[in-house]
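Single-structure report; data block below.
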Amino acid sequence: MQTDNSDPPIVYDPGDPATMANPFEIYDQLRKHDPVHWSPALNSWVITRYQDVRAVLTGQDMTVDRLTPFYEKLPPKEAEVLREIVHYLNLWLAFQDPPSHTRLRRMMRTAFATPLIHEMRPDIEAIVDHVIDTLDGRDDIDFIADFALLVPAYVIMDMLNVPRDMLGDFKRWSDDMATFIGGARNVGDKYNRAARGCNAMVGYFRTILENHRANPVPGFLNDMVNSGEGDDRLSDDELIATFILILFAGHETTTNLIGTSLLGLLQHPDQMALFKSDPNVTDSAVEEFLRYDGPTNALVRNVAKEHTLHGRTLKKGQRVFLMMNSANRDPAVFDAPNRFDITRSPNRHLTFGQGVHTCLGLQLAREEGRIAVRRFIERYPDVTFAGPDSFDYIDAMVPRGLKRFDVRLRP
Ligand code: HEM
């Protein structure tokens, strides 16, 4: 299917290694020639223009509820294995449309309010400095495993009163759950694994809640437990589901932001020089890191009501990929969109989403990004690529980021 019938059809294969390394060329073609593209490989629509992505996210023709139709089609044995995980995922506000979404979102607003996030700044600085200190004496590191992964993990664990030495367990449980949530292919026994991870995580958070109630301490967890008014409180299951959501929504995304920030700066030495010489560019630099090769490659929706877009008929139940990293390079909105410019202004990227589901953690993510990248480069101003083949992108359609990034800390 294609708008311009004289050209050969555009083949978009997100799993192709060349596309993974640089998806931006094919996004350019799709935006120009086939902005509402049907992908047989994905069995889904792929929407690439800024205004269309924005309109979908702020409109009412799509739903975020992808779980119910999936679960209804499962054979009874598999449905039983996944019963608990689906119960908790169904409580995520990320998978709910208004009005149930509106209630949950209202409850969570206090805990995520901007002044409270600003109060966390000294804690984030201390975490970043602590992780940087652990690198002392080393010449080469994997920037992802040794830095970018640890900072957001410790921030979220501290928010949820999870001791830092639980990181290994949490990583295992969330990796297990991700075999289902991330829709991983080729993972043997993936539903049982996901169910085991969910069971362990739920059990652990139930204990955290009991301990907190026995001995309450002020902070994010306390704000979440006490959110709501009168009789309308978050139930224990809603709280546990939300803690798991925060862990998923706030960890890998922020790791990916920190990872591609350093990559962008190392790939553009003039911008690195500017970043080092002028601390005042930090805020606009983080916005450019979020836009240029941001952590939200795509968002997923299902069509709720049949409608047409650019002459295509989107039928109820069909899946839609909204390509955020394509929208963020749309020349209709951004001047010289392929230029990496850490002073870019305005910079209305869509990396935190749009509409009712706009990221709740965006202040926190920005704060983490600013502190982590600035402090790392202050401590290691001569950081360079470790060699010619020093990074790999994650093999995934929705998140975007590096799974490995070998860097040399000093000349
Ligand atoms: C750079 C880091 C981050 C990026 C790029 C990011 C991006 C996003 C995006 C695009 C959405 C909307 C999803 C949709 O519409 O389907 C979202 C939702 C959400 N994010 Fe983030 N996020 C980041 C960090 C965080 C952090 C640190 C937290 C919390 C600790 C967080 C919590 C949430 C929550 C709770 C939602 C669901 C909001 C809702 O459905 O109403 N995020 N995020």
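Counting convention: from 1, in listed order, for ligands and their atoms alike.
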Item to complete: Please lay out, stage by stage, how Thr68 and Asp65 fare under the test side-chain hydrogen bond (donor to acceptor under 3.5 Å, both in side chains).
Response: CA-CA 6 Å; Thr68 311; Asp65 181 10; 2.7 Å; yes
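For atom 30 (C) of ligand 1, the closest non-hydrogen atom of the protein is Ile246 CG2, 3.5 Å. In terms of protein heavy-atom proximity, atom 36 (C) of ligand 1 is closest to Leu360 N, 4.1 Å. For atom 5 (C) of ligand 1, the closest non-hydrogen atom on the protein side is Thr296 OG1, 3.4 Å. Summary of contacts: the protein heavy atom closest to atom 13 (C) of ligand 1 is Leu299 CD2, 3.8 Å. Protein heavy atom nearest atom 29 (C) of ligand 1, with residue, atom name and distance: Phe112 CE2, 3.7 Å. Of all protein heavy atoms, the one lying nearest to atom 23 (C) of ligand 1 is Thr253 OG1, 3.5 Å. For atom 4 (C) of ligand 1, the nearest non-hydrogen atom of the protein is Phe352 CE2, 3.6 Å. If you check which protein heavy atom lies closest to atom 40 (O) of ligand 1, you get His357 ND1, 2.7 Å.
Residues Lys276 and Glu378 are not paired through a salt bridge, judged by the lack of any N-O separation under 4.0 Å between the basic side chain and the carboxylate. Salt-bridge check for Glu238 with Arg103: passed, with a basic side-chain N closer than 4.0 Å to an acidic carboxylate O. Taking a cutoff of 4.0 Å between a charged side-chain nitrogen and a carboxylate oxygen, Asp34 and Arg312 qualify as a salt bridge. Comment: Arg379 engages Asp136 in a salt bridge, judged by a side-chain N to carboxylate O separation of less than 4.0 angstrom. Under a 4.0 Å N-O distance rule, the pair Asp293/Arg400 qualifies as a salt bridge. Remark: Asp176 engages Arg193 in a salt bridge, criterion side-chain N to carboxylate O under 4.0 Å. Salt bridge status for Arg408 with Asp382: absent, with no side-chain N to carboxylate O gap under 4.0 Å. A salt bridge does not link Lys403 with Asp392: every distance from a Lys NZ or Arg NE/NH1/NH2 to an Asp or Glu carboxylate oxygen is 4.0 Å or more.
Geometric assessment of Arg375 against the ring of Tyr380 yields a negative cation-pi assignment under the 6.0 Å and 45° thresholds.
Heavy-atom proximity to Val356, at under 4.0 Å, picks out these atoms of ligand 1: 41 (O). Using a 4.0 Å cut-off to heavy atoms of Ala365, the atoms of ligand 1 that qualify are 1 (C), 2 (C), 24 (C). Remark: ligand 1 atoms within the under-4.0 Å shell around heavy atoms of His101 are 39 (C), 40 (O), 41 (O).
Of all the listed residues (Thr351, Leu93, Ile258), Thr351 holds the heavy atom that lies closest to atom 10 (C) of ligand 1. Between Ala298, Gly355, Cys359, Gly250, it is Cys359 that holds the heavy atom closest to atom 22 (N) of ligand 1.
The shortest N or O to N or O distance between Arg105 and ligand 1 is under 3.5 Å. Checked against a 3.5 angstrom limit, the closest N/O atoms of Glu368 and ligand 1 fall outside it. Note: an N/O pair closer than 3.5 Å links Arg301 and ligand 1 by distance alone.
Not a single heavy atom of Val64 sits less than 4.0 Å from an atom of ligand 1. Proximity of His251 to ligand 1 is not established, as no heavy-atom distance is less than 4.0 Å.
Using cut-offs of 30° and 60° on the angle between ring planes, the pair Tyr154 and His130 is tilted.
Proximity of Val155 to ligand 1, defined as any heavy-atom pair under 4.0 Å, is not found for any part of the residue. For Met324, no heavy-atom contact with ligand 1 is shorter than 4.0 Å.
With a 6.0 Å radius and a threshold of 12 heavy atoms from other residues, nucleotides or ligands, Arg348 has its CZ atom at or below the threshold.
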